[in-house]
Amino acid sequence: MIKHNFDELINRKGTECKKWDTYADDVIPMWIADTDFKCPQPVIDAMVKRAEHGIYGYPVNDKNFEEAIVNWQKKRFGWKIEAEWVEYTPAVIPAIVYAIYAFTNPGDNIVIQMPAYHPFHAIIPNNGRHILGNNLILQEDGSYEIDFENLESLLSQKRTTMFLLCSPHNPTGKCFTREELNKISELCLKHNVFVVSDEIHSDIIYKGSKHIPFGSLSQEAADNCVVCVNPSKTFNIAGVRTGAAVIPNRRNHDLFYAPLENLKAYGRTIFGTLPIEISYNECDYYADQLLEYLEGNLEYLQKFLAEKIPKIKIGHPQATYLIWLNCKDLNMEPAKLQKFFIEEAKVAMNEGSTFGDGGAGFMRMNIACPRARLVKALNQIEKSVNML
């Protein structure tokens, strides 16, 4: 088995890297959701080999891409899907936009769970739909629960036609249980609300939790959803801008494909589909080792905060490498909190209010980096907090 070196420190400055080239050289970037780990070697080798061919003409749409999605869903989650259900998309957010075009109309309501991944706050109103926020309930232990009473009241509104689920949830790190997902499905079916499930973080699930694809719940759920997947978070290939939608119902698939066709967004890219195929077909070892390494980072973070920075509390992370830090005891308004971390601690994270209701006073930290970098960032934060 290949052993990947997740401790390797790689200089990403000056590589047109959004994560590293946005802030000053002395700021450690722990914000946007890509990792600081080199891609799996089989992916690198395949990309180099293809690049050496020297001709990059239009690719044929063979079934290798679809079969890679099929294989991964079966072996990692036990969901037996068919190649005909899979549709290529240029990343997950565009796929969600195409679903909005396909299954809603201007003026409709779309329900999202707050705090919510910040692009959700843009793509819904930018396309003439309205956001209805189902606020997740923060528990004393830092975990989050669904307010089902409020959820049903939002789903029952006449103009509500879509529920946009983020599973596992970004930014809170919540991994939904089968019971919770079944209840969501039942309520959406009851009120004739279509479900789009963004499952881009589904590979990063910590011990004690399990990811369940929404479309695997039941035949009824499968016929009422689009599931969006993308290995970019797992294998650090976000820059290839390629994802997939899994749509079990044929009529829904046809409806989804219409806006792709209208916008000519169905054309595949050579260096987009290839890394996905290699990642899913050859790189299980990397996903397993990544999760083990992230669990080590998470354990280090939890211990460090508890012992040295008790004013910053960690929630109850069950999934993702994006950790939701409760910084309310620092008693700073959102803008001041963001400024404090960037200018004093020299660590860039996502400020919580950008995720909507329930986000103020929180910071989202990306711990997908070599441990030495995490240690350095935490030491800088400790020193700055102690100077307050």
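Every heavy atom of this structure was used, including side-chain atoms; hydrogens, water molecules and symmetry mates were not.
- Ring pair His211/Phe77: centre-to-centre distance below 6.0 Å.
- For Trp79 and Phe214, the gap between ring centers reaches or exceeds 6.0 Å.
- Glu199 places no side-chain N or O within donor-acceptor distance of the main-chain N or O of Cys228, the cut-off being under 3.5 Å.
- For Glu333, the CD atom sits in a loose shell: 12 or fewer heavy atoms of surrounding residues, nucleotides or ligands are nearer than 6.0 Å.
- Taking the six-membered ring for Trp, Phe120 and His118 have ring centres at least 6.0 Å apart.
- Although no hydrogens or angles enter the test, the distance criterion places no donor-acceptor pair under 3.5 Å between the side chain of Lys264 and the main chain of Glu261.
- For NZ of Lys80, the number of neighbouring non-hydrogen atoms (other residues, nucleotides, ligands) closer than 6.0 Å is 12 at most.
- Counting non-hydrogen atoms of neighbouring residues, nucleotides and ligands closer than 6.0 angstrom, the CG atom of Asn192 reaches no more than 12 such neighbours.
- Within a 6.0 Å sphere centred on NZ of Lys313, other residues, nucleotides and ligands contribute more than 12 heavy atoms.
- Sparse packing is recorded around CD of Glu149, with 12 or fewer heavy atoms of other residues, nucleotides or ligands lying under 6.0 Å away.
- Counting only N and O atoms by type, the side chains of Thr35 and Asn236 include a donor and acceptor under 3.5 Å apart.
- Under the 4.5 Å side-chain contact rule for hydrophobic residues, Leu374 and Phe341 share a cluster.
- For the residue pair Glu220 and Asn224, no side-chain donor N or O sits within less than 3.5 Å of a side-chain acceptor on the partner.
- Between Tyr88 and Phe65, the ring-plane angle classifies as perpendicular under the 30° and 60° cut-offs.
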Stepwise side chain to side chain contact (heavy atoms under 4.5 Å, CB included) test for Gln338 and Met332: CA-CA 9 Å; Gln338 175 83 320; Met332 296 183 191; over 6 Å; no

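- No more than 12 heavy atoms of other residues, nucleotides or ligands sit less than 6.0 Å from atom NZ of Lys383.
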Candidate pair Asn182 and Glu186, rule side chain to side chain donor-acceptor pair (under 3.5 Å), full reasoning: CA-CA 6 Å; Asn182 277 328; Glu186 290 166 8; 5.8 Å; no

Verdict with reasoning, Trp85 to Asn249, per side chain to side chain donor-acceptor pair (under 3.5 Å): CA-CA 8 Å; Trp85 301 0; Asn249 182 280; over 6 Å; no

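- Side-chain atoms of Asn281 and Trp72 include no donor-acceptor pair closer than 3.5 Å.
- Taking the side chain as every heavy atom from C-beta outward, Leu274 and Ile278 approach each other to under 4.5 Å.
- Both Met349 and Leu322 are assigned to one and the same hydrophobic cluster, defined by single-linkage of ILVMFWY side chains at heavy-atom distances under 4.5 Å.
- Counting non-hydrogen atoms of other residues, nucleotides and ligands closer than 6.0 Å to NZ of Lys75 gives a total above 12.
- The main-chain N or O of Ile32 is found under 3.5 Å from a side-chain atom of Asn366 such that the two form a donor-acceptor pair.
- Not a single donor-acceptor pair under 3.5 Å links the side chain of Asn109 to the backbone N or O of Leu154.
- At a threshold of 4.5 Å between side-chain heavy atoms, the hydrophobic network of Ile, Leu, Val, Met, Phe, Trp and Tyr places Val92 and Tyr98 in one connected group.
- Using a 4.5 Å heavy-atom threshold, the side chains of Met114 and Leu136 count as separate.
- Side-chain N or O atoms of Thr160 include none that pairs as donor or acceptor with a backbone N or O of Ser156 at under 3.5 Å.
- Summarising the geometry, atom CD1 belonging to Ile314 is positioned 5.5 Å from atom CD1 belonging to Ile323; distances are rounded to the nearest 0.5 Å.
- The closest side-chain heavy-atom distance from Leu291 to Ile204 is below 4.5 Å.
- Listed for the Thr104 side chain is a donor-acceptor partner under 3.5 Å among the backbone atoms of Ile100.
- Connection of Ile184 to Ile212 is established within a shared hydrophobic cluster, with ILVMFWY side chains joined at heavy-atom distances below 4.5 Å, either directly or through further cluster members.
- Side-chain heavy atoms closer than 4.5 Å link hydrophobic residues (I, L, V, M, F, W, Y) into clusters, and following such links, possibly through other members, connects Tyr321 to Phe235.
- Atom CD1 of Ile247 sits about 4.5 Å away from atom NE2 of His253, to the nearest 0.5 Å.
- Enclosure of atom CZ in Arg159 is not indicated, since only 12 or fewer non-hydrogen atoms of other residues, nucleotides or ligands lie within 6.0 angstrom.
- Remark: the backbone N or O of Met363 is not paired with any side-chain donor or acceptor of Trp324 at under 3.5 angstrom.
- The backbone N or O of Ala51 lies less than 3.5 Å from a partner atom in the side chain of Tyr56, making a donor-acceptor pair.
- Between the side chain of Asp21 and the backbone N or O of Gly14 there is at least one donor-acceptor pair closer than 3.5 Å.
- No side-chain donor-acceptor contact under 3.5 Å links Glu67 and Asn71.
- Using modelled atom types, one finds no donor on one side chain facing an acceptor on the other under 3.5 Å when comparing Glu87 with Thr89.
- A distance below 6.0 Å separates the ring centres of Phe6 and Tyr286.
- Between Asp34 and Arg12 there is a side-chain heavy-atom pair separated by less than 4.5 Å.
- Listed for the Ser153 side chain is a donor-acceptor partner under 3.5 Å among the backbone atoms of Asn150.
- Both tests pass for Arg371 against the ring of Tyr293: distance under 6.0 Å to the centre and angle within 45° of the axis.
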